[in-house]
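Note: hydrogens, waters and symmetry copies are ignored here, and every other heavy atom, side chains too, is used.
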Amino acid sequence: MRVAIYNQMFGLNGRNLFSNLMGHWAVHYTKNIDKVHNSAKIPQTLDLIASSNADIIGICEILEGQEGELEKGLREDGYNYVFFGNGHKTKFSNLKVRVAIASRIPCEQVSKVRILDFPVKDEMGGGGGIVHCYFPKLDFNMINVHLANPKKQKLYSEQIAFLEEYAESLKGKVILAGDFNAVYGNLNEGFKGFSLASDQIKTCSLTPVMKWFFWKDCDHIFVKGFKTKDSGYLEGRSDHRLVYADLE
């Protein structure tokens, strides 16, 4: 079973410095969001996901309004189970930043009150959201999460504490994946009973110039109750790599 995680950067171009900076400015600091939707290339996100051959994928940085095109394309590629979770709202357009789990394996979304209590703050870097699915036939849980910028220390600490407690409360096999905005070395003591399946693959930033100053493993796949056979990555339009792990 192949599991992947991909921060699609709203479908914008993260492989160009100017496009990256202007794209994030447009998402977070303008009301005219049509520019973002017109610049986003969701088909390229879909092509990269198809190339990964993942059975299950967690997707981060989905801007409210992109869900329809994304879900339609995923379903056409055999991902018949697509579920979204909410993060913070953008400051000016008041749109939600969202995450998703898409699966070819039957699953159902878990919307417990506790998962809805995941703390976010309505500002840039305030946390991209969380989504939890249960896979009844294979009896395991998966969480996809996009954590806040660690510079927002209080919020980040609250999110980590929430995630540690929530993940530890789940019985049996669990996959915990997402954009943690932190290297494995700063996280490895936090999630008891979990091992890292994504092998500290560096995922961000792929943006020229920015890569000189920030080139780290930020996106991770943690597992409990699974063995990791292999791991790898693909690169697309985002400033993040898609990273995957083959589990048994």
Side-chain angles (χ1 to χ4, degrees), residues 1-7 49 52-62 67 70-71 74-75 78-87 97-120 127-148 158-182 184 187-199 218-231 242-248:
M1 179 178 71
R2 176 166 290 184
V3 175
I5 181 70
Y6 183 47
N7 182 328
I49 291 172
S52 75
N53 198 30
D55 298 294
I56 311 166
I57 183 160
I59 308 168
C60 298
E61 288 197 352
I62 302 163
E67 301 94 334
L70 191 60
E71 182 171 357
L74 288 165
R75 288 184 179 276
Y79 294 92
N80 293 321
Y81 305 88
V82 183
F83 300 100
F84 297 92
N86 292 326
V97 176
R98 310 192 75 189
V99 294
I101 289 176
S103 177
R104 290 177 169 140
I105 301 169
C107 63
E108 56 197 35
Q109 186 169 10
V110 179
S111 298
K112 294 179 179 178
V113 172
R114 286 181 62 203
I115 202 76
L116 299 176
D117 288 338
F118 179 71
V120 298
I130 190 168
V131 60
H132 173 195
C133 288
Y134 174 64
F135 295 74
K137 289 187 177 180
L138 299 179
D139 190 24
F140 72 89
N141 289 276
M142 177 172 172
I143 298 169
N144 177 28
V145 67
H146 184 186
L147 296 185
E158 289 173 354
Q159 290 182 348
I160 286 289
F162 176 96
L163 198 56
E164 288 174 350
E165 181 182 356
Y166 190 84
E168 192 173 344
S169 73
L170 299 176
K171 307 300 181 184
K173 295 183 290 185
V174 182
I175 299 169
L176 173 59
D179 179 353
F180 290 77
N181 271 316
Y184 171 70
L187 296 167
N188 60 342
E189 295 183 0
F191 302 110
K192 296 178 181 178
F194 285 83
S195 61
L196 183 70
S198 48
D199 197 31
C218 298
D219 306 87
H220 307 288
I221 302 170
F222 292 96
V223 295
K224 180 170 67 174
F226 291 95
K227 292 183 179 180
T228 305
K229 294 164 54 180
D230 195 13
S231 60
L242 178 154
V243 63
Y244 65 82
D246 294 328
L247 307 177
E248 61 179 12

Task: side chain to side chain contact (heavy atoms under 4.5 Å, CB included) between Ser231 and Val243, worked out - done: CA-CA 7 Å; Ser231 60; Val243 63; 5.7 Å; no

- [ ] Take Tyr134 and Asp139 through the test side chain to side chain contact (heavy atoms under 4.5 Å, CB included) and record every step on the way to the result.
- [x] CA-CA 7 Å; Tyr134 174 64; Asp139 190 24; 2.8 Å; yes

Task: From CA spacing to verdict: side chain to side chain contact (heavy atoms under 4.5 Å, CB included), Arg104, Asn53 - done: CA-CA 10 Å; Arg104 290 177 169 140; Asn53 198 30; 3.9 Å; yes

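In this structure, OH in Tyr79 is found 8.5 Å from OG in Ser103, a value given to the nearest 0.5 Å. Atom CZ of Arg75 is separated from atom CG of Leu70 by 11.0 Å, given to the nearest 0.5 angstrom. Here the NE2-OG distance, from His220 to Ser198, works out to 6.5 Å after rounding to the nearest 0.5 Å. Cys107 SG to Ile56 CD1: the interatomic distance, rounded to the nearest 0.5 Å, is 7.0 Å. Here Ile5 contributes atom CD1 and Asp219 contributes atom CG; the two are 6.5 Å apart, rounded to the nearest 0.5 Å. Remark: Thr228 OG1 to Phe222 CZ distance equals 11.5 Å, nearest 0.5 Å.
A heavy-atom distance below 4.5 Å is found between the side chains of Ile59 and Leu74. Between Ile175 and Leu247, some side-chain heavy-atom pair lies under the 4.5 Å cut-off. Counting heavy atoms from C-beta outward, Ile105 and Lys137 have side chains that stay 4.5 Å or more apart. Looking at heavy atoms from C-beta onward, Val97 lies out of side-chain contact with Val120 at the 4.5 angstrom threshold. Counting heavy atoms from C-beta outward, Ile143 and Ile130 have side chains that approach closer than 4.5 Å. With a 4.5 Å cut-off on side-chain heavy atoms, Val110 and Ile115 do not count as touching. Under the 4.5 Å side-chain criterion, counting only non-hydrogen atoms from C-beta, Glu71 is in contact with Phe84. With a 4.5 Å cut-off on side-chain heavy atoms, Phe118 and Leu147 count as touching.
Listed by chain and number, the residues in a ring-ring contact (aromatic ring centres under 6.0 Å, His included) with Phe140 are Phe135, Phe226 (sequence neighbours excluded). Applying the side-chain contact (heavy atoms from CB on, under 4.5 Å) rule to Val131 yields the partners Phe83, Val99, Ile101, Gln109, Asn144; only residues at least two apart in sequence or on another chain are considered.
Taking a cutoff of 4.0 Å between a charged side-chain nitrogen and a carboxylate oxygen, Asp246 and Arg2 qualify as a salt bridge.
Remark: the Arg98 side chain and the Asn86 side chain contain an N/O donor-acceptor pair separated by less than 3.5 Å.
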Got a list of side-chain donor-acceptor pairs under 3.5 Å for residues 160-174, not counting sequence neighbours?
{"from": "Tyr166", "atom 1": "OH", "to": "His132", "atom 2": "ND1", "distance (Å)": "2.7"}
{"from": "Ser169", "atom 1": "OG", "to": "Tyr166", "atom 2": "O", "distance (Å)": "2.6"}

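The backbone N or O of Pro119 sits nowhere less than 3.5 Å from a side-chain atom of Glu158 that would complete a donor-acceptor pair.
Residue Asp179 comes nearest to Cys60 through the heavy atom pair N-SG, 4.0 Å, listed as atom of the first residue, atom of the second, then distance.
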